[in-house]
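Heads up: the structure comes next, in structure tokens.
Atoms considered below: every heavy atom in the structure, side chains included; atoms not considered: hydrogens, waters and symmetry mates.
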Amino acid sequence: MIVPGEAHGARAVRLADIATGLFALGLTTRLHRTRAGTDLTATLYLAGYRDIEVIADEDGYTELRFWTSISSTSDAAVATIASVLKVLTASQSLASRAEPTRDPVAGYDGAVTERAEGSGMAGSQDHRAEQGQIPDQARLLATDNPHDTWVRPNDLQARLERLPLNHPSSPYRDDGSRKPAPPDLAQYELPLPDESDSPADPDLASSDQPHVDADGTWGWRGFKLSPEQSLIADQAATRCLESEGRDVNNKYGDQGLTPAMRRIEAQLEHGHLVEDTEKFALKDPDRFKEKFAKLIVDNPDVDSSELVRGINDGVRYTFIYEDTEYSSGVMEVSDAIAAAGYELQERKNAWIDETKVYQGINITWREDSVGILFEVQVHTPTSWHAKQESHRAYEVVQSLISTPEQRAEAVRRQEQLFSEVPIPPNVTDIPNYRKEGW
Amino acid sequence: MDETQYYAIIVRGRTPSNPSGLARRFKSGGETVDQSLRRDMSWGPTTSITEWTHGEDLTQDLKMISKTEADELIERFREKWGQEG
């Protein structure tokens with residue numbers, strides 16, 4: 001519903017909230033901002049099927065795009081469309097004709113690409129298409145690769161061309177002259193969160209790629225989540241996103257964990273955050289799901305909603321100290337994080353744990369505004385290097401589809417790398433800690 | 001089957017006396033096999049043991065337990081999950 005008099009900025013925020021909600025449902029979302037306003041494109045990628053796409057703008061105009069199979073019967077196609085219409089007409093968010101928009105949009109009832117011939121069903125018509133001025137470009141396009149660009153420029157441009165002249169998103173001024181092209185915001189975007197071997201890594205075999213089945217089951221490397229579990233993970237990942245601090249354009253202000261960690265870094269006498277902290281601060285959503293799936297499998301006596309709350313590295317940071325300052329540095333950075341208002345939950349010192357090959361100190365904190373856990377690792381340059389170098393081996397170790405030979409070789413590789421890491425002085429003085437009752 | 005080593009899995013919020021899962025490791029045909037107990041009382045593959053020793057993810061702890069302790073834990077889970085459905 002469009003609220004009369006609602007400010008342009010507030011509508012953009014509302015659209016961003018919708019994007020967050022759709023993201024939590026498993027759609028890939030993208031907000032496209034121009035001087036004329038903000039558009040949202042959300043895509044549901046389905047393995048083996050064509051994408052389902054939602055396009056929405058600040059004025060409430062919403063487009064749902066999907067492909068029906070031409071090998072199905074016409075009755076089946078009608079039934080599919082009818083079920084969608086049934087949901088829409090029963091929805092509380094359908095705009096009434098009496099409802100004002102921000103600006104008068106005379107004669108604009110939304111874009112429809114085809115008339116229902118001979119059925120007697122009256123529908124809203126696109127006046128420019130009715131006038132035969134502009135063919136519907138959208139139907140002419142086919143996406144062979146479901147992971148092509150999120151917004152097909154020709155589709156979006158065709159939709160913009162169909163808008164009435166006085167629509168704020170129209171590429172034409174009121175006098176019919178063309179507005180100058182908006183700036184290409186893509187050149188200002190920061191890279192998306194990524195792991196060193198992102199699930200989207202083209203070097204990975206297709207069988208190693210995360211996937212979503214037709215029924216909504218998520219799967220990757222032998223682990224699975226039901227649709228409900230996948231949604232729980234998406235909601236948890238959204239909370240991580242909210243607390244981390246980046247906005248929809250991957251830019252930072254003063255709020256959130258990452259800006260806070262940068263302020264803490266500035267206070268430290270010797271330590272510093274690792275390179276590309278912002279790039280790695282958010283755990284990749286598929287890796288989050290993989291971890292969740294493992295916890296579910298291994299902890300059958302715990303409810304999945306409780307397990308997801310215990311995932312502590314949806315947001316994570318690493319501080320580096322030279323060997324000589326490491327032990328005092330662990331306490332220095334811990335004190336600084338506590339002083340910033342975060343609550344210590346657990347500290348694990350792997351340096352003093354003989355059962356561990358991994359070397360480092362992992363500290364779990366609680367952030368109360370959104371209510372998530374986040375992790376801070378503290379490393380020496382050498383232990384950090386060993387962790388990075390052993391990452392590939394670690395991936396093999398933790399994958400169910402690795403063969404025993406592969407896993408054994410990966411274990412040997414990890415042991416070799418970490419055995420070469422010098423133990424920093426006085427590290428045995430750093431005790432483990434667990435908050436009482438946690 | 002060679003000698004089997006059992007591990008109680010202890011996730012956050014649980015204690016060694018109240019673990020959240022059970023894993024086992026044994027040799028079969030010269031290869032190491034790691035499994036964890038599922039809610040349907042079957043055993044399935046797990047990476048928890050190797051991740052506990054070699055991984056950086058310290059989310060859950062493992063504690064070596066005897067076969068007797070493992071059998072007791074299995075019965076406890078069987079009774080509890082059978083009641084919960």
Problem - A:Q414 side-chain N/O to B:H54 backbone N/O, donor-acceptor pair under 3.5 Å - result: yes
Exercise for the section: Could you pull out the closest heavy-atom pair between A:P300 and B:G21, with the gap in Å? Expected result: CD-CA, 4.1 Å
Completion exercise
Highest number of heavy-atom pairs under 4.5 Å with chain B among A:L307, A:V411, A:I296 belongs to A:V411
Problem - Portion of A:Q377 that has a non-hydrogen atom of chain B nearer than 4.5 angstrom - result: side chain
Problem - B:T46 and A:D298 side chains, donor-acceptor separation under 3.5 Å - result: yes
Completion exercise
Closest non-hydrogen contact found for B:P45 with A:V297 is O-CG1, 4.3 Å
Problem - SB check B:D57 A:K294 (cutoff 4.0 Å) - result: no
Practice task
Would you check if B:T50 and A:Y394 make a side-chain contact, meaning some heavy-atom pair closer than 4.5 Å?
Solution key: no
Handout entry: Contact check, side chains of B:D61 and A:K348, non-hydrogen atoms, under 4.5 Å
Key = yes
Handout entry: From A:E375 atom CD to B:T59 atom OG1, the distance as rounded to the nearest 0.5 Å
Key = 7.0 Å
Exercise for the section: Give, as side chain, backbone, both or neither, the part of B:L37 having an atom under 4.5 angstrom from any heavy atom of chain A. Expected result: backbone
Problem - Proximal component of A:R309, with respect to chain B [non-hydrogen, under 4.5 Å] - result: neither
Handout entry: From A:T318 atom OG1 to B:E56 atom CD, the distance as rounded to the nearest 0.5 Å
Key = 8.0 Å
Exercise for the section: Name the region of A:E346, side chain, backbone, both or neither, that has any atom closer than 4.5 Å to a heavy atom of chain B. Expected result: side chain
Fill in the blank from the handout: Here the pair of heavy atoms bringing A:G310 nearest to B:R12 is O-NH1, 2.8 Å
Practice task
Begin from the C-alpha positions of B:R14 and A:D301 and carry the test side chain to side chain contact (heavy atoms under 4.5 Å, CB included) through to its verdict.
Solution key: CA-CA 10 Å; B:R14 290 300 183 99; A:D301 200 45; 2.9 Å; yes
Handout entry: Side-chain heavy atoms of A:N299 within contact of B:I9, under 4.5 Å
Key = yes
Handout entry: A:E405 atom CD, neighbour heavy-atom count above 12 within 6.0 Å
Key = yes
Problem - Atom CG of A:L231: over 12 foreign heavy atoms under 6.0 Å - result: yes
Problem - Part of A:S399 lying under 4.5 Å from any heavy atom of chain B - result: backbone
Problem - Nearest-0.5 Å distance, OG1 of residue B:T15 to CZ of residue A:R434 - result: 9.0 Å
